Amino acid sequence: MCLESNLEAHAVGGVLLGRRGKANVPKDSIGAYAVQCGKCYKWRLIPSKEEYETIRETFIEDPWVCEKRLYTSCDDLADIEYNTSNLWVFDKPNIPKAPPGTQRMLIMRKDLSKMDTHYIMPNGKKLRSTVEVEKFLAAHPEYKESLPLSRFCFTVPKISEDMVPKNLEKRASSLRRKKRKADVEEDN
DNA sequence: GCCACCGGTGGC
DNA sequence: GCCACCGGTGGC
């Protein structure tokens, strides 16, 4: 189950800093993970996706605060400022952690219009929706216990609007317009 | 033939 | 209006 977040006060974020990762390791579009302290509202970087997903999983009932991190307090400077030098996307809180053996991938569209969620299953299969997960589990009953349907959530993060470069937005939409126009002309 | 990628839409 | 979902396809 995915719940609505309160983005203003207390947020779970992913920061897009470009793609990284070793060869052969599946990587998504998120370059850095950050959470906002529930007390001082400063942003703290979370070193791994795994740790980030753990925090995100129980974010509502167990909000993250600076003291949770060793040697960190609200008096310390923020790790990262929410600003326009990075593209930020904001996760919904309480998304189940990707079940063991799977990876939850978030892929940004080239035009920054939206993200797509998919899961990489233990056998390498990529799944794009809960319906596809259902079908997968029906075909592979051996996974039914370790990978219950309820642990999959395809909710996408919200893209921070003010940070999408305006010219890029325009370019993308004008390309779309151009294509539509060409299609219409083709039909005539 | 596959698959990453994108566009479109039904249901809310 | 949003978003979860899926069909189509271009490039390989």
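These numbers were taken from a predicted model, which means no experiment stands behind them. In what follows, every chain begins at residue 1, and chains take the letters A, B, ... in the order their sequences are listed.
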**Q** Counting primed atoms plus P, OP1 and OP2 as sugar-phosphate and everything else as base, spell out the protein contacts along nucleotides 5-10 of chain C at 4.0 Å heavy-atom distance: B, S or - for each nucleotide, 5' to 3'.
**A** BBB---

**Q** Would you kindly give the CE-to-C1' distance between A/M115 and C/dC2, to the nearest whole Å?
**A** 17 Å

**Q** Relative to the ring of A/F154, is the ring of A/Y119 parallel (under 30°), tilted (30 to 60°) or perpendicular (over 60°)?
**A** perpendicular

**Q** Fit a plane to each ring of A/Y143 and A/H140, take the angle between them on a 0 to 90° scale, and name the class: parallel (under 30°), tilted (30 to 60°) or perpendicular (over 60°).
**A**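 Tilted.
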
**Q** If you group Ile, Leu, Val, Met, Phe, Trp and Tyr by side-chain heavy-atom gaps below 4.5 Å, do A/L45 and A/W88 land in one group?
**A** yes

**Q** Starting at atom CD1 of A/I159, determine the distance to atom P of C/dC2, rounded to an integer number of angstrom.
**A**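 Checked: the CD1 to P distance equals 12 Å.
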
**Q** Going from CD on A/E67 to SG on A/C74, what distance comes out if it is rounded to the nearest 0.5 angstrom?
**A**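 Here the rounded value is 5.0 Å.
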
**Q** Can you tell which of A/R56, A/E57, A/E61 makes a side chain to side chain donor-acceptor pair (under 3.5 Å) with A/N94?
**A**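 Exactly one pass, corresponding to A/E61.
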
